[in-house]
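These numbers come from the heavy atoms of this one structure, side chains and all, not from hydrogens, waters or symmetry mates. Per chain, numbering begins at 1; letters A, B, ... match sequence-line order.
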Protein chains: 2
Amino acid sequence: MNSVPPNNNPASTTASGSAGSASAAPSPTFSPLYQQIKGLITQSLQSGEWKPGELIPSEVELANRFKVSQGTVRKAIDELAAENLVMRKQGKGTFVSTHHEARAHFRFLRLMPDEGVPHYPDSKIIEVKRMRAPADVARLLELKSGDAVVYIKRVQAFEGVPTIVEELWLPGMIFKGLTAERLMEYKGPMYGLFESEFGTRMIRATEKIRAVSVGEEDAKLLGIAAQTPLLESERVSFTYGDKAVELRRGLYSTARHHYHNELN
Amino acid sequence: MNSVPPNNNPASTTASGSAGSASAAPSPTFSPLYQQIKGLITQSLQSGEWKPGELIPSEVELANRFKVSQGTVRKAIDELAAENLVMRKQGKGTFVSTHHEARAHFRFLRLMPDEGVPHYPDSKIIEVKRMRAPADVARLLELKSGDAVVYIKRVQAFEGVPTIVEELWLPGMIFKGLTAERLMEYKGPMYGLFESEFGTRMIRATEKIRAVSVGEEDAKLLGIAAQTPLLESERVSFTYGDKAVELRRGLYSTARHHYHNELN
DNA sequence: TAGTGGTCTAGACCACCCC
DNA sequence: GGGTGGTCTAGACCACTAA
(Lines give C-alpha, C1' and ligand atoms only; values in the text may rest on other atoms or scores of the structure.)
Protein backbone atom coordinates (compact mmCIF):
# COMPACT_ATOMS: atom_id res chain seq x y z
CA MET A 1 0.00 0.00 0.00
CA ASN A 2 2.37 2.59 1.21
CA SER A 3 5.34 3.53 -0.83
CA VAL A 4 8.41 4.97 0.72
CA PRO A 5 9.14 8.53 -0.26
CA PRO A 6 9.60 8.42 -4.03
CA ASN A 7 11.09 10.93 -6.49
CA ASN A 8 13.17 13.01 -7.31
CA ASN A 9 14.36 14.11 -10.68
CA PRO A 10 18.01 15.04 -10.78
CA ALA A 11 20.49 12.21 -10.55
CA SER A 12 22.72 12.79 -7.61
CA THR A 13 25.97 11.04 -6.98
CA THR A 14 25.80 10.93 -3.24
CA ALA A 15 23.65 8.11 -2.02
CA SER A 16 23.10 9.12 1.55
CA GLY A 17 20.87 6.69 3.27
CA SER A 18 19.20 8.44 6.16
CA ALA A 19 19.63 5.97 8.95
CA GLY A 20 18.00 2.60 8.71
CA SER A 21 14.38 3.44 8.36
CA ALA A 22 12.82 0.21 7.14
CA SER A 23 12.80 -0.70 3.47
CA ALA A 24 15.35 -3.01 1.96
CA ALA A 25 16.53 -0.60 -0.69
CA PRO A 26 18.65 2.22 0.70
CA SER A 27 16.08 4.69 -0.57
CA PRO A 28 18.34 7.39 -1.98
CA THR A 29 17.58 10.63 -0.25
CA PHE A 30 17.88 13.57 -2.59
CA SER A 31 16.14 15.91 -0.23
CA PRO A 32 15.47 15.73 3.49
CA LEU A 33 12.93 13.12 4.44
CA TYR A 34 10.57 15.66 5.97
CA GLN A 35 10.57 17.62 2.72
CA GLN A 36 9.51 14.52 0.84
CA ILE A 37 6.80 13.84 3.42
CA LYS A 38 5.70 17.44 3.03
CA GLY A 39 5.44 16.86 -0.69
CA LEU A 40 3.37 13.71 -0.21
CA ILE A 41 0.99 15.48 2.15
CA THR A 42 0.69 18.37 -0.29
CA GLN A 43 -0.22 15.90 -3.02
CA SER A 44 -3.02 14.54 -0.88
CA LEU A 45 -4.27 18.06 -0.26
CA GLN A 46 -4.14 18.80 -3.97
CA SER A 47 -5.85 15.57 -4.98
CA GLY A 48 -8.69 16.28 -2.59
CA GLU A 49 -8.09 13.29 -0.34
CA TRP A 50 -8.62 15.76 2.51
CA LYS A 51 -10.86 18.68 1.65
CA PRO A 52 -10.73 22.26 2.97
CA GLY A 53 -12.00 22.42 6.52
CA GLU A 54 -11.55 18.70 7.12
CA LEU A 55 -9.39 16.96 9.68
CA ILE A 56 -6.31 15.24 8.34
CA PRO A 57 -4.91 12.05 9.91
CA SER A 58 -3.01 12.46 13.16
CA GLU A 59 0.76 12.74 13.20
CA VAL A 60 1.11 9.21 14.53
CA GLU A 61 -1.14 7.86 11.78
CA LEU A 62 0.79 9.68 9.06
CA ALA A 63 4.05 8.50 10.57
CA ASN A 64 2.83 4.92 10.27
CA ARG A 65 1.60 5.42 6.75
CA PHE A 66 4.87 6.88 5.54
CA LYS A 67 7.05 4.66 7.71
CA VAL A 68 8.86 7.51 9.37
CA SER A 69 8.96 8.81 12.91
CA GLN A 70 6.37 11.17 14.28
CA GLY A 71 9.01 13.87 14.62
CA THR A 72 9.63 13.85 10.90
CA VAL A 73 5.93 14.16 10.10
CA ARG A 74 5.77 16.93 12.66
CA LYS A 75 8.45 18.95 10.93
CA ALA A 76 6.70 18.53 7.58
CA ILE A 77 3.40 19.71 9.03
CA ASP A 78 5.17 22.59 10.78
CA GLU A 79 6.15 23.97 7.40
CA LEU A 80 2.72 23.40 5.90
CA ALA A 81 1.20 25.26 8.82
CA ALA A 82 3.68 28.13 8.35
CA GLU A 83 2.55 28.36 4.72
CA ASN A 84 -1.11 28.39 5.79
CA LEU A 85 -1.95 25.17 3.98
CA VAL A 86 -3.11 23.55 7.21
CA MET A 87 -4.04 24.75 10.68
CA ARG A 88 -3.15 22.99 13.89
CA LYS A 89 -5.55 22.97 16.80
CA GLN A 90 -4.16 21.62 20.01
CA GLY A 91 -6.13 18.71 21.39
CA LYS A 92 -8.23 18.42 18.26
CA GLY A 93 -5.96 17.78 15.33
CA THR A 94 -4.71 19.34 12.12
CA PHE A 95 -7.20 20.78 9.64
CA VAL A 96 -6.99 21.73 5.99
CA SER A 97 -7.13 25.53 5.70
CA THR A 98 -10.20 27.04 4.15
CA HIS A 99 -11.30 30.45 2.94
CA HIS A 100 -14.62 29.93 4.75
CA GLU A 101 -13.52 31.64 7.92
CA ALA A 102 -13.78 35.07 9.42
CA ARG A 103 -10.04 35.53 9.52
CA ALA A 104 -9.58 34.27 5.97
CA HIS A 105 -11.49 37.24 4.62
CA PHE A 106 -8.60 39.62 5.19
CA ARG A 107 -5.85 37.20 4.35
CA PHE A 108 -5.29 38.67 0.88
CA LEU A 109 -6.98 42.02 1.44
CA ARG A 110 -4.64 44.39 3.20
CA LEU A 111 -6.82 47.47 3.04
CA MET A 112 -7.54 48.60 6.59
CA PRO A 113 -9.63 51.44 7.96
CA ASP A 114 -7.62 54.38 9.31
CA GLU A 115 -9.79 54.28 12.40
CA GLY A 116 -11.93 51.64 14.01
CA VAL A 117 -12.04 47.93 13.40
CA PRO A 118 -12.20 46.23 9.97
CA HIS A 119 -15.67 45.67 8.53
CA TYR A 120 -16.75 43.14 5.96
CA PRO A 121 -17.29 44.68 2.55
CA ASP A 122 -20.56 44.53 0.63
CA SER A 123 -20.10 43.52 -2.96
CA LYS A 124 -21.96 44.84 -5.99
CA ILE A 125 -21.47 43.00 -9.26
CA ILE A 126 -21.15 45.34 -12.23
CA GLU A 127 -20.46 42.89 -15.00
CA VAL A 128 -19.76 39.23 -15.64
CA LYS A 129 -18.88 37.85 -19.06
CA ARG A 130 -16.83 35.27 -20.87
CA MET A 131 -14.23 36.58 -23.28
CA ARG A 132 -10.98 35.79 -25.00
CA ALA A 133 -7.93 36.60 -22.91
CA PRO A 134 -6.07 39.74 -23.95
CA ALA A 135 -2.35 39.27 -24.35
CA ASP A 136 -1.33 40.72 -20.99
CA VAL A 137 -3.94 38.72 -19.08
CA ALA A 138 -2.98 35.53 -20.89
CA ARG A 139 0.66 36.05 -20.03
CA LEU A 140 0.03 36.55 -16.32
CA LEU A 141 -2.35 33.58 -16.12
CA GLU A 142 -0.02 31.40 -18.16
CA LEU A 143 -2.66 30.89 -20.86
CA LYS A 144 -2.50 31.19 -24.61
CA SER A 145 -3.61 34.55 -25.95
CA GLY A 146 -7.23 34.12 -27.00
CA ASP A 147 -8.05 31.37 -24.52
CA ALA A 148 -11.40 31.73 -22.81
CA VAL A 149 -11.50 33.65 -19.52
CA VAL A 150 -14.25 34.75 -17.18
CA TYR A 151 -14.27 38.50 -16.58
CA ILE A 152 -15.85 40.04 -13.50
CA LYS A 153 -16.15 43.65 -12.46
CA ARG A 154 -17.49 44.66 -9.08
CA VAL A 155 -17.50 47.42 -6.48
CA GLN A 156 -16.95 46.81 -2.80
CA ALA A 157 -18.24 49.11 -0.09
CA PHE A 158 -17.29 49.38 3.57
CA GLU A 159 -20.18 50.52 5.73
CA GLY A 160 -21.96 51.78 2.67
CA VAL A 161 -19.00 53.72 1.30
CA PRO A 162 -17.78 52.45 -2.10
CA THR A 163 -14.03 51.96 -1.71
CA ILE A 164 -12.80 49.32 -4.15
CA VAL A 165 -13.36 48.81 -7.86
CA GLU A 166 -12.13 45.41 -8.90
CA GLU A 167 -11.72 43.54 -12.15
CA LEU A 168 -11.01 39.81 -12.20
CA TRP A 169 -9.93 37.41 -14.91
CA LEU A 170 -10.22 33.66 -14.32
CA PRO A 171 -9.28 30.76 -16.60
CA GLY A 172 -12.48 29.79 -18.45
CA MET A 173 -11.54 26.13 -18.39
CA ILE A 174 -11.65 25.94 -14.61
CA PHE A 175 -14.50 28.35 -13.91
CA LYS A 176 -17.00 27.00 -16.41
CA GLY A 177 -20.35 27.54 -14.72
CA LEU A 178 -19.53 30.87 -13.10
CA THR A 179 -22.40 33.27 -13.74
CA ALA A 180 -23.53 36.61 -12.33
CA GLU A 181 -26.43 34.89 -10.59
CA ARG A 182 -24.18 32.42 -8.89
CA LEU A 183 -21.87 35.20 -7.75
CA MET A 184 -24.68 37.38 -6.43
CA GLU A 185 -26.46 34.72 -4.45
CA TYR A 186 -23.23 33.65 -2.79
CA LYS A 187 -22.54 35.23 0.56
CA GLY A 188 -19.03 35.50 1.88
CA PRO A 189 -15.60 35.82 0.37
CA MET A 190 -15.23 35.06 -3.31
CA TYR A 191 -12.29 32.77 -2.61
CA GLY A 192 -14.69 30.66 -0.58
CA LEU A 193 -16.92 30.27 -3.62
CA PHE A 194 -13.98 29.31 -5.79
CA GLU A 195 -12.94 26.73 -3.24
CA SER A 196 -16.35 25.12 -2.69
CA GLU A 197 -17.87 25.32 -6.15
CA PHE A 198 -14.87 25.06 -8.42
CA GLY A 199 -12.42 23.05 -6.35
CA THR A 200 -9.75 25.71 -6.68
CA ARG A 201 -8.06 26.89 -3.54
CA MET A 202 -5.85 29.99 -3.59
CA ILE A 203 -2.84 29.47 -1.39
CA ARG A 204 -0.51 32.30 -2.30
CA ALA A 205 -0.48 35.57 -4.22
CA THR A 206 1.86 38.28 -5.40
CA GLU A 207 0.87 41.90 -5.61
CA LYS A 208 2.22 44.90 -7.51
CA ILE A 209 1.05 48.26 -6.25
CA ARG A 210 1.10 51.61 -8.00
CA ALA A 211 -0.47 55.05 -7.67
CA VAL A 212 -2.78 56.08 -10.50
CA SER A 213 -5.37 58.70 -11.34
CA VAL A 214 -8.90 57.41 -11.44
CA GLY A 215 -10.71 57.58 -14.77
CA GLU A 216 -14.19 58.98 -15.22
CA GLU A 217 -16.04 55.68 -15.27
CA ASP A 218 -14.45 54.32 -12.11
CA ALA A 219 -14.76 57.71 -10.43
CA LYS A 220 -18.52 57.47 -10.86
CA LEU A 221 -18.60 53.98 -9.40
CA LEU A 222 -16.73 55.20 -6.34
CA GLY A 223 -18.53 58.50 -6.11
CA ILE A 224 -15.35 60.55 -6.18
CA ALA A 225 -13.89 63.26 -8.40
CA ALA A 226 -12.08 62.24 -11.56
CA GLN A 227 -8.29 62.44 -11.29
CA THR A 228 -8.34 61.44 -7.62
CA PRO A 229 -5.18 59.46 -6.85
CA LEU A 230 -5.89 55.80 -6.04
CA LEU A 231 -3.89 52.71 -5.21
CA GLU A 232 -3.81 50.21 -8.01
CA SER A 233 -3.19 46.62 -6.99
CA GLU A 234 -2.41 43.94 -9.53
CA ARG A 235 -2.69 40.57 -7.85
CA VAL A 236 -1.90 37.15 -9.26
CA SER A 237 -3.15 34.27 -7.11
CA PHE A 238 -1.79 30.74 -7.20
CA THR A 239 -3.14 27.35 -6.29
CA TYR A 240 -1.23 24.15 -5.55
CA GLY A 241 1.83 23.65 -7.67
CA ASP A 242 2.36 27.38 -8.17
CA LYS A 243 -0.30 27.44 -10.84
CA ALA A 244 -1.69 30.93 -11.52
CA VAL A 245 -5.51 30.87 -11.43
CA GLU A 246 -6.60 34.45 -10.91
CA LEU A 247 -5.67 37.93 -12.04
CA ARG A 248 -7.26 40.71 -10.05
CA ARG A 249 -6.83 44.40 -10.67
CA GLY A 250 -8.17 46.61 -7.92
CA LEU A 251 -8.45 50.35 -7.43
CA TYR A 252 -8.44 51.29 -3.76
CA SER A 253 -9.62 54.60 -2.41
CA THR A 254 -7.28 55.59 0.41
CA ALA A 255 -9.28 58.51 1.74
CA ARG A 256 -10.30 56.61 4.86
CA HIS A 257 -8.29 53.42 4.44
CA HIS A 258 -4.69 52.44 3.94
CA TYR A 259 -2.80 49.43 2.67
CA HIS A 260 -1.21 47.81 5.68
CA ASN A 261 2.01 45.84 5.56
CA GLU A 262 4.33 44.25 8.07
CA LEU A 263 8.05 44.12 7.29
CA ASN A 264 10.26 41.55 9.01
CA MET B 1 27.78 34.17 35.98
CA ASN B 2 25.18 32.65 33.79
CA SER B 3 21.66 32.54 34.95
CA VAL B 4 19.45 29.57 34.35
CA PRO B 5 15.91 29.81 33.07
CA PRO B 6 13.87 31.89 35.49
CA ASN B 7 11.26 29.43 36.58
CA ASN B 8 11.68 25.69 36.77
CA ASN B 9 15.16 24.68 37.77
CA PRO B 10 15.85 21.00 37.24
CA ALA B 11 19.30 20.60 38.75
CA SER B 12 18.44 17.04 39.65
CA THR B 13 20.70 14.70 37.74
CA THR B 14 20.26 15.43 34.06
CA ALA B 15 17.32 17.70 33.82
CA SER B 16 14.08 15.88 34.07
CA GLY B 17 12.46 18.50 31.93
CA SER B 18 9.20 19.69 33.36
CA ALA B 19 8.39 16.22 34.52
CA GLY B 20 9.72 16.83 37.97
CA SER B 21 8.68 13.50 39.43
CA ALA B 22 10.70 14.14 42.55
CA SER B 23 10.09 17.80 43.09
CA ALA B 24 6.56 18.08 44.41
CA ALA B 25 6.61 21.77 43.64
CA PRO B 26 4.17 22.29 40.76
CA SER B 27 6.84 24.14 38.79
CA PRO B 28 4.73 26.99 37.42
CA THR B 29 5.63 26.97 33.76
CA PHE B 30 4.50 30.29 32.40
CA SER B 31 5.94 29.69 28.95
CA PRO B 32 7.70 26.84 27.19
CA LEU B 33 11.35 26.42 28.02
CA TYR B 34 12.48 27.22 24.50
CA GLN B 35 10.58 30.51 24.65
CA GLN B 36 12.43 31.42 27.80
CA ILE B 37 15.73 30.49 26.19
CA LYS B 38 14.76 32.59 23.19
CA GLY B 39 14.17 35.51 25.54
CA LEU B 40 17.54 35.06 27.19
CA ILE B 41 19.31 34.96 23.83
CA THR B 42 17.41 38.06 22.71
CA GLN B 43 18.58 39.83 25.86
CA SER B 44 22.17 39.03 24.98
CA LEU B 45 21.60 40.38 21.49
CA GLN B 46 20.05 43.53 22.88
CA SER B 47 22.74 44.07 25.48
CA GLY B 48 25.41 43.81 22.81
CA GLU B 49 27.08 40.70 24.19
CA TRP B 50 27.10 39.55 20.57
CA LYS B 51 27.23 42.36 18.03
CA PRO B 52 25.73 42.47 14.52
CA GLY B 53 27.72 40.31 12.15
CA GLU B 54 29.38 38.35 14.93
CA LEU B 55 29.24 34.63 15.60
CA ILE B 56 27.19 33.57 18.59
CA PRO B 57 28.10 30.53 20.70
CA SER B 58 27.29 27.14 19.23
CA GLU B 59 24.09 25.34 20.09
CA VAL B 60 25.95 22.87 22.30
CA GLU B 61 27.64 25.69 24.15
CA LEU B 62 24.38 27.55 24.74
CA ALA B 63 22.73 24.31 25.84
CA ASN B 64 25.42 23.91 28.49
CA ARG B 65 25.15 27.50 29.59
CA PHE B 66 21.40 27.35 30.03
CA LYS B 67 21.35 23.78 31.28
CA VAL B 68 18.92 22.54 28.67
CA SER B 69 19.23 20.12 25.79
CA GLN B 70 20.59 21.14 22.42
CA GLY B 71 17.19 20.51 20.86
CA THR B 72 15.61 23.15 23.02
CA VAL B 73 18.25 25.73 22.13
CA ARG B 74 17.75 24.73 18.51
CA LYS B 75 14.06 25.48 18.61
CA ALA B 76 14.72 28.86 20.21
CA ILE B 77 17.25 29.75 17.53
CA ASP B 78 14.87 28.47 14.83
CA GLU B 79 12.40 31.16 15.80
CA LEU B 80 15.05 33.86 16.04
CA ALA B 81 16.22 32.92 12.55
CA ALA B 82 12.63 33.06 11.26
CA GLU B 83 12.39 36.59 12.65
CA ASN B 84 15.66 37.56 10.98
CA LEU B 85 17.40 38.31 14.25
CA VAL B 86 20.11 35.75 13.50
CA MET B 87 21.30 33.87 10.43
CA ARG B 88 22.39 30.26 10.41
CA LYS B 89 25.22 29.10 8.18
CA GLN B 90 25.72 25.38 8.00
CA GLY B 91 29.18 24.28 9.00
CA LYS B 92 30.08 27.76 10.25
CA GLY B 93 27.70 28.72 12.99
CA THR B 94 24.96 31.20 13.80
CA PHE B 95 25.55 34.90 13.23
CA VAL B 96 23.84 38.03 14.45
CA SER B 97 21.98 39.62 11.54
CA THR B 98 23.27 42.93 10.25
CA HIS B 99 22.09 45.60 7.85
CA HIS B 100 25.59 45.63 6.31
CA GLU B 101 24.76 43.15 3.60
CA ALA B 102 23.70 43.26 0.01
CA ARG B 103 20.44 41.49 0.68
CA ALA B 104 19.66 43.65 3.69
CA HIS B 105 19.34 46.71 1.50
CA PHE B 106 15.97 45.66 0.14
CA ARG B 107 14.67 44.13 3.33
CA PHE B 108 12.48 47.12 4.16
CA LEU B 109 12.37 48.69 0.69
CA ARG B 110 9.78 46.94 -1.43
CA LEU B 111 9.99 49.24 -4.44
CA MET B 112 11.05 47.16 -7.43
CA PRO B 113 11.75 48.11 -11.03
CA ASP B 114 9.05 47.07 -13.50
CA GLU B 115 11.76 45.66 -15.72
CA GLY B 116 15.29 44.49 -15.10
CA VAL B 117 17.03 43.75 -11.85
CA PRO B 118 17.02 45.96 -8.73
CA HIS B 119 19.70 48.61 -8.53
CA TYR B 120 21.11 50.33 -5.47
CA PRO B 121 19.78 53.83 -5.03
CA ASP B 122 21.98 56.93 -4.85
CA SER B 123 21.06 59.21 -2.02
CA LYS B 124 21.06 63.01 -2.00
CA ILE B 125 20.60 64.72 1.35
CA ILE B 126 18.31 67.74 1.16
CA GLU B 127 18.16 68.74 4.79
CA VAL B 128 19.21 67.62 8.24
CA LYS B 129 18.18 69.42 11.43
CA ARG B 130 17.26 68.96 15.03
CA MET B 131 13.79 70.05 16.04
CA ARG B 132 11.01 69.51 18.51
CA ALA B 133 8.72 66.61 17.66
CA PRO B 134 5.34 67.62 16.25
CA ALA B 135 2.40 65.94 17.94
CA ASP B 136 1.83 63.26 15.29
CA VAL B 137 5.52 62.34 15.11
CA ALA B 138 5.78 62.19 18.88
CA ARG B 139 2.81 59.90 19.07
CA LEU B 140 4.16 57.43 16.53
CA LEU B 141 7.62 57.41 18.09
CA GLU B 142 6.22 57.13 21.58
CA LEU B 143 7.83 60.40 22.66
CA LYS B 144 6.46 63.42 24.45
CA SER B 145 5.32 66.18 22.17
CA GLY B 146 8.17 68.67 22.01
CA ASP B 147 10.94 66.13 22.64
CA ALA B 148 14.01 66.57 20.45
CA VAL B 149 14.09 64.68 17.16
CA VAL B 150 16.47 64.56 14.22
CA TYR B 151 14.82 65.41 10.94
CA ILE B 152 16.24 64.27 7.61
CA LYS B 153 14.99 64.86 4.11
CA ARG B 154 16.58 63.18 1.11
CA VAL B 155 15.98 62.08 -2.48
CA GLN B 156 16.89 58.66 -3.79
CA ALA B 157 17.60 57.96 -7.42
CA PHE B 158 17.76 54.66 -9.29
CA GLU B 159 20.21 54.78 -12.19
CA GLY B 160 20.12 58.54 -12.11
CA VAL B 161 16.34 58.84 -12.04
CA PRO B 162 14.97 60.50 -8.87
CA THR B 163 12.28 58.17 -7.60
CA ILE B 164 11.87 58.57 -3.84
CA VAL B 165 11.49 61.62 -1.62
CA GLU B 166 11.88 60.64 1.99
CA GLU B 167 11.53 62.37 5.33
CA LEU B 168 12.78 60.76 8.53
CA TRP B 169 12.28 61.54 12.19
CA LEU B 170 14.55 59.92 14.76
CA PRO B 171 14.56 60.25 18.56
CA GLY B 172 17.12 62.98 19.38
CA MET B 173 18.18 61.18 22.52
CA ILE B 174 19.46 58.16 20.63
CA PHE B 175 20.80 59.85 17.51
CA LYS B 176 22.79 62.60 19.17
CA GLY B 177 25.75 63.13 16.86
CA LEU B 178 23.90 62.58 13.59
CA THR B 179 24.88 65.34 11.18
CA ALA B 180 24.55 65.94 7.45
CA GLU B 181 28.30 65.39 7.03
CA ARG B 182 28.15 62.06 8.76
CA LEU B 183 25.23 61.00 6.61
CA MET B 184 26.81 62.08 3.36
CA GLU B 185 30.18 60.47 3.89
CA TYR B 186 28.54 57.17 4.80
CA LYS B 187 28.18 54.70 1.97
CA GLY B 188 25.56 52.02 2.09
CA PRO B 189 22.16 51.62 3.67
CA MET B 190 21.17 54.12 6.34
CA TYR B 191 20.11 51.30 8.65
CA GLY B 192 23.72 50.15 8.56
CA LEU B 193 24.84 53.55 9.80
CA PHE B 194 22.27 53.49 12.59
CA GLU B 195 23.46 50.06 13.60
CA SER B 196 27.20 50.74 13.59
CA GLU B 197 27.32 54.32 14.81
CA PHE B 198 24.34 54.54 17.09
CA GLY B 199 23.95 50.98 18.30
CA THR B 200 20.34 50.85 17.17
CA ARG B 201 19.29 47.89 15.07
CA MET B 202 15.95 47.93 13.28
CA ILE B 203 14.39 44.50 13.40
CA ARG B 204 10.81 45.06 12.31
CA ALA B 205 8.59 47.71 10.74
CA THR B 206 4.99 48.44 9.89
CA GLU B 207 3.94 50.36 6.84
CA LYS B 208 0.79 52.25 5.85
CA ILE B 209 0.46 53.00 2.18
CA ARG B 210 -1.76 55.53 0.45
CA ALA B 211 -2.09 57.26 -2.90
CA VAL B 212 -1.54 61.01 -2.89
CA SER B 213 -0.97 63.90 -5.29
CA VAL B 214 2.55 65.27 -5.25
CA GLY B 215 2.96 68.87 -4.13
CA GLU B 216 4.98 71.45 -6.02
CA GLU B 217 8.10 71.25 -3.93
CA ASP B 218 8.42 67.47 -4.06
CA ALA B 219 7.46 67.45 -7.74
CA LYS B 220 10.54 69.59 -8.42
CA LEU B 221 12.76 67.25 -6.45
CA LEU B 222 11.52 64.30 -8.50
CA GLY B 223 11.43 66.20 -11.79
CA ILE B 224 7.79 65.38 -12.42
CA ALA B 225 4.59 67.36 -12.97
CA ALA B 226 2.70 68.64 -9.95
CA GLN B 227 -0.40 66.61 -9.13
CA THR B 228 1.19 63.37 -10.31
CA PRO B 229 -0.17 60.49 -8.21
CA LEU B 230 2.45 58.92 -5.96
CA LEU B 231 2.57 56.19 -3.36
CA GLU B 232 2.93 57.49 0.15
CA SER B 233 4.52 55.10 2.63
CA GLU B 234 4.47 55.80 6.35
CA ARG B 235 6.84 53.43 8.05
CA VAL B 236 7.50 52.98 11.75
CA SER B 237 10.57 50.89 12.53
CA PHE B 238 11.18 49.06 15.77
CA THR B 239 14.24 47.82 17.59
CA TYR B 240 14.49 45.18 20.32
CA GLY B 241 11.60 45.17 22.72
CA ASP B 242 9.18 46.59 20.16
CA LYS B 243 10.52 50.06 20.76
CA ALA B 244 9.74 52.51 17.94
CA VAL B 245 12.91 54.31 16.84
CA GLU B 246 12.20 55.68 13.39
CA LEU B 247 9.37 57.32 11.50
CA ARG B 248 9.88 57.50 7.77
CA ARG B 249 7.51 59.07 5.28
CA GLY B 250 8.32 58.30 1.67
CA LEU B 251 6.84 59.38 -1.63
CA TYR B 252 7.43 56.78 -4.33
CA SER B 253 7.14 57.46 -8.03
CA THR B 254 5.56 54.40 -9.62
CA ALA B 255 6.15 55.36 -13.24
CA ARG B 256 8.82 52.73 -13.70
CA HIS B 257 8.64 50.96 -10.34
CA HIS B 258 6.05 49.22 -8.23
CA TYR B 259 5.62 48.23 -4.62
CA HIS B 260 6.01 44.49 -4.46
CA ASN B 261 4.32 42.30 -1.90
CA GLU B 262 3.94 38.58 -1.29
CA LEU B 263 0.74 37.33 0.31
CA ASN B 264 0.72 33.99 2.08
C1' DT C 1 40.30 16.22 11.25
C1' DA C 2 37.38 18.82 14.33
C1' DG C 3 33.48 21.65 14.86
C1' DT C 4 29.13 23.48 13.31
C1' DG C 5 24.38 23.31 12.02
C1' DG C 6 20.82 19.84 9.78
C1' DT C 7 18.21 15.57 9.95
C1' DC C 8 16.09 11.57 12.10
C1' DT C 9 14.68 8.67 15.64
C1' DA C 10 12.61 7.09 20.12
C1' DG C 11 10.47 7.77 24.24
C1' DA C 12 8.59 10.57 27.89
C1' DC C 13 5.45 13.82 29.70
C1' DC C 14 2.35 18.02 29.36
C1' DA C 15 -1.76 20.88 27.90
C1' DC C 16 -5.86 20.73 25.73
C1' DC C 17 -10.25 18.84 23.90
C1' DC C 18 -14.16 15.90 23.89
C1' DC C 19 -16.79 12.03 25.28
C1' DG D 1 -10.19 8.28 29.78
C1' DG D 2 -8.27 8.41 25.53
C1' DG D 3 -6.75 11.05 21.66
C1' DT D 4 -4.40 15.12 19.72
C1' DG D 5 -0.82 18.36 19.18
C1' DG D 6 3.17 20.64 22.07
C1' DT D 7 7.47 20.31 24.61
C1' DC D 8 11.79 18.25 26.06
C1' DT D 9 15.41 15.11 26.07
C1' DA D 10 19.21 12.00 24.37
C1' DG D 11 21.81 9.99 21.01
C1' DA D 12 23.02 8.96 16.32
C1' DC D 13 24.50 10.20 11.84
C1' DC D 14 24.92 13.52 7.79
C1' DA D 15 26.58 17.80 5.19
C1' DC D 16 29.28 21.56 5.18
C1' DT D 17 33.32 24.49 6.46
C1' DA D 18 37.85 25.48 7.70
C1' DA D 19 42.38 24.61 9.45
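- Among the nucleotides C:dG5, C:dC8, D:dG5, the one closest to the side chain of A:Glu59 is D:dG5.
- Nearest to the side chain of A:Gln90, among D:dC8, D:dA15, C:dC16, sits C:dC16.
- Spacing between atom NZ of B:Lys67 and atom P of D:dT9 amounts to 13 Å, rounded to whole angstrom units.
- Checked against the 6.0 Å centroid threshold, B:Phe194 and B:Phe175 count as a close aromatic pair.
- Side chain of A:His260 to backbone of A:His258: no donor-acceptor contact under 3.5 angstrom is found.
- Relative to the side chain of A:Lys75, the nucleotides C:dT7, D:dG5, D:dT9 differ in distance, and C:dT7 lies closest.
- The nearest pair of heavy atoms linking B:Pro57 to B:Leu62 is O-CD1, 3.6 Å.
- Rounded to whole Å, atom C1' of D:dT7 lies 11 Å from atom CD of B:Gln35.
- The side chain of A:Ser58 contributes an N or O atom lying less than 4.0 Å from OP1 or OP2 of D:dT4.
- Distance A:Leu55 CG to C:dC18 P: 12 Å, rounded to the nearest Å.
- Per the geometry, CZ belonging to B:Phe66 stands 13 Å off P belonging to D:dT9, to the nearest Å.
- In this structure, the side chains of B:His105 and B:Tyr120 come closer than 4.5 Å at one or more pairs of heavy atoms.
- Taking atom CG of B:Leu62 as the reference point, atom P of C:dG3 lies 17 Å away to the nearest angstrom.
- In terms of position along DNA chain D, the nucleotide closest to A:Gly91 lies nearer the 5' end than the nucleotide closest to the other residue of the pair A:Asp78 and A:Gly91.
- Rounded to a whole Å, the CZ atom of A:Arg74 is 8 Å from the C1' atom of D:dT7.
- If you find the closest nucleotide of DNA chain C to A:Gly71 and to B:Arg88, the one lying nearer the 5' end belongs to B:Arg88.
- For the pair B:Gln70 CD and C:dT9 C1', the interatomic distance rounds to 15 Å; values are reported in whole Å.
- Here the C1' atom of nucleotide C:dG3 and the CD1 atom of B:Ile56 are 15 Å apart, to the nearest Å.
- Phosphate contact (OP1/OP2 of C:dC16, side-chain N/O of A:Lys92, threshold under 4.0 Å): absent.
- Annotation: B:Tyr252 is not in aromatic contact with B:His257 [ring centroid separation under 6.0 Å not met].
- For A:Thr94, a side-chain nitrogen or oxygen approaches OP1 or OP2 of D:dG5 to under 4.0 Å.
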